[in-house]
2 protein chains.
Amino acid sequence: MRQKRGGRAAGVTMEDVARVAGVSAMTVSRVLRQPTLVNADLKAKVEAAIRETGYIYNLVASSLASQRSGIIALILPTVASSIFTDSVKGVSDVARTHAVQMIMAETNYSPAEEEKVIEALLRRRPDGFVIVGVSHTRATRALLEKSGVPVVETWDSTPTPIDSLVGLSNFDAMKAMTEALVAQGFRRIAFVGTATRDRRAQMRAKGYEAGIAEAGLGAPLILNADDLTSMESGRIVAERVAALHPRPDALLCLNDVLAAGALLAFQRMGLAVPGDIAVAGFGGLDFSSHLNPSLSTVDIPRYEMGQRAAEMLIGRIAGTAAQGGTCEMGYRIVLRESTGGSRPAEAQAS
Amino acid sequence: MRQKRGGRAAGVTMEDVARVAGVSAMTVSRVLRQPTLVNADLKAKVEAAIRETGYIYNLVASSLASQRSGIIALILPTVASSIFTDSVKGVSDVARTHAVQMIMAETNYSPAEEEKVIEALLRRRPDGFVIVGVSHTRATRALLEKSGVPVVETWDSTPTPIDSLVGLSNFDAMKAMTEALVAQGFRRIAFVGTATRDRRAQMRAKGYEAGIAEAGLGAPLILNADDLTSMESGRIVAERVAALHPRPDALLCLNDVLAAGALLAFQRMGLAVPGDIAVAGFGGLDFSSHLNPSLSTVDIPRYEMGQRAAEMLIGRIAGTAAQGGTCEMGYRIVLRESTGGSRPAEAQAS
DNA sequence: TTTTTAATTGTTAGCGCTATCATCTGTTAG
DNA sequence: CTAACAGATGATAGCGCTAACAATTAAAAA
């Protein structure tokens, strides 16, 4: 430890290691970053010096000098929801294998907050962004394009991604589930989820509407919920649904969390699922298959989406992948007991 | 944009902004960091120049020059589990209000991985660490102590924290739940969760054992599960429990996820909960109160623990809090239908 | 032997900021 | 009228690393 610049304590630097090992700082740097370029004896000497001094490589200085931060930023609507945790893990796992660190920030489903958050993260000079969603403010888009940082958008689809895309058609997926419910014989299918929040929610609602329209089932019935990510919210909606006349014979939910909340609430108020009312969700979350009755859902490859997005991003950063790359992820309609399907049967789609 | 150093493109720098505004770079820096020191006219001019040039502050350079990264690191066992998401949010929310960024890494419940992860993060020179758990390798402890970075440990208790602690007594909490079950009249209480994973799991198992021993209920019965964070694992354990002779009259689980998996599995195999077997969990997760029957649990202030830990850490970083600070968080025994308690009644403890 | 080439290592000059001190203005007090 | 001082701005010298190039040595080719 030395004293420098007005008395602030500084840690061990590469220079210190170099002195101990009897080489130049550059050689130490090479041992750490391109060990094959260094003679084996010297390498051993340097490694010993590193151990002896307790040197900890300084990535801040490295980032500044090399213009590479080794950080990828992950922007998502919320960190506190089970909906995205698997995608986070997918990104995080890939990041780790490439010796890159992931930094996360949440937007609370607000494009304005997203703009702020991205601007804040840009100050860290991340090597790339994975962003959940394709709907951004004009300024956000301009900011990202000007910065020249690779971006992979995901969890939604668009023909005009900022850079690259790991897509998911929320519209198609929810429409397919609606059709599956129709095929199961349900005729008064209601939908929970607002059309006024984020684009993913909107597209799912539109998919439901399209499914209803094509089946010629009359006017769609869309119910809103204030909070779209809590079981409590599902419970509250279930009470409203139970009071409707005529009561819907199926309730399709924006996601599995709402669906589970509704399903359990129906049961508690004495309604049989699916006898009195069927319930279906979206997302394929883990707990869905464990509920009694097990919950029908649209299974989407959450972990794989995160993985794929991170891999694509790392390709873009390395320059091996071209801009404009797109990869559409599929979905699976999983009909279980909550819609009258049998437990083990899992229909396949897309 | 200028070309520098062999042709790499560089973005707009503070120097560029300064030139446009007709001031020195130092003044631009002051406008951004200590605006009160700068004359209002100049400030306006600089702000205009920033907008005009599209300048984005470079925190990498700032971190290097100021020896402050503005990053706090959060180390937790896993990012993919609902158990910690609320704590993550607590840390993240506090970090945001202090204009600090949070960087997260997971250890997979392994002290060896924790050591690697902490060493990797130390390279980014974070201003502080929040670490879930108090059990670390000797090397980890030495590393953190030598680095001099403030550390707040949480989600467990110890008289000898590395630096500061936001504590939770897993032993006391699980013992209290065991006693509550005994008070409810259960006599053959089994426990699920391994005593061989992390210290938090161990302490909970020990709390259960102590509760059983003090009640004079004979030998404790501890069942292991391979995976301690999935409902599927709870289901598998439930099958083993159902086959026991005599069958336990209550199953106490390491956490709510296991408990929910077990509860739903018991129901599916035709066992009444709590009639044939009671179930209780730990963690106070959101979904517990929604299950039918609602799940008894030990509610712990997950979000607040994250908040408190982050606040304490920021105090340590600012130098306003002393080393060795400790703050013990409480817990609440919540008895619900799954142990024969009535739904609204929520007993209070600690 | 001399020249060419490849393989190692070192030197230099930043990366884009900020801590520190110096300078310069305009006040206020003596 | 000068000294003392506070307030605002600028100049300088790094922070700890790496890109680019230079220098050195040893091996291969001529």
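Quick caveat, the model's predicted, so the values are computed rather than measured. Atom set for the values below is all heavy atoms of this structure, side chains included, hydrogens, waters and symmetry mates excluded. Labels below follow one simple rule: chain letters A, B, ... track the order of the sequence lines, proteins then strands, and each chain is numbered from 1.
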Report summary line: Residue pairs meeting salt bridge (Lys or Arg N to Asp or Glu O under 4.0 Å), one or both in residues 33-51 of chain B, sequence neighbours left out, come to none
Query raised in the report: For C:dG14, does either OP1 or OP2 sit under 4.0 Å from a side-chain N or O belonging to A:Gln67?
Result: no
Query raised in the report: What salt bridge (Lys or Arg N to Asp or Glu O under 4.0 Å) pairs are there with at least one residue in residues 301-310 of chain A, not counting sequence neighbours?
Result: A:Asp86-A:Arg302
Report summary line: Judged by nearest nucleotide, the residue sitting upstream toward the 5' end of DNA chain C, A:Ser24 or B:Met14, is A:Ser24
Output side-chain donor-acceptor pairs under 3.5 Å for residues 114-123 of chain A, partner residues at least two apart or in another chain, one line each.
| residue | atom | partner | partner atom | Å |
| --- | --- | --- | --- | --- |
| A:Glu114 | OE1 | A:His136 | ND1 | 2.7 |
| A:Glu114 | OE2 | A:His136 | ND1 | 3.2 |
| A:Glu115 | OE1 | A:Thr137 | OG1 | 2.8 |

Requested in this report: Take the protein atom CZ of B:Arg68 and the nucleotide atom P of C:dT18, then report the distance between them rounded to whole Å.
Outcome: 13 Å
Query raised in the report: Residues two or more places apart in sequence or in another chain: which of them pass ring-ring contact (aromatic ring centres under 6.0 Å, His included) with B:Phe84?
Result: B:Trp155
Report task. With sequence neighbours excluded, give me every salt bridge (Lys or Arg N to Asp or Glu O under 4.0 Å) pair touching residues 155-167 of chain A. Result -> A:Asp156-A:Arg199, A:Asp163-A:Arg316
Report summary line: residues 101-111 of chain B vs salt bridge (Lys or Arg N to Asp or Glu O under 4.0 Å), sequence neighbours excluded, gives A:Lys89-B:Glu106, A:Arg96-B:Glu106
Query raised in the report: Can you check the B:Glu15 CD to C:dC17 P distance for me, whole Å?
Result: 9 Å
Report task. Estimate the overall bend of the helix from C:dT1-D:dA30 to C:dG30-D:dC1 from the end axes over five pairs each, rounded to 10 degrees. Result -> 40°
Query raised in the report: Base, sugar-phosphate alone, or nothing: which one does B:Val60 contact when heavy atoms must sit under 4.0 Å apart?
Result: nothing
Report task. State which residues pass side-chain contact (heavy atoms from CB on, under 4.5 Å) with B:Ser110; sequence neighbours excluded, sorted by chain then number. Result -> B:Ala112, B:Glu113
Report task. Classify the side-chain pair B:Ser164/B:Glu153 by whether it contains a donor and acceptor separated by less than 3.5 Å. Result -> no
Requested in this report: Please list, by residue number, the residues of residues 28-42 of chain A whose heavy atoms come closer than 4.0 Å to an atom of DNA chain D; answer none if no residue qualifies.
Outcome: A:Ser29, A:Arg30, A:Arg33
Query raised in the report: What is the distance, rounded to the nearest whole Å, between atom CZ of A:Arg19 and atom P of D:dG16?
Result: 12 Å
Query raised in the report: Nearest-Å distance, CG (A:Leu64) to C1' (C:dC15)?
Result: 4 Å
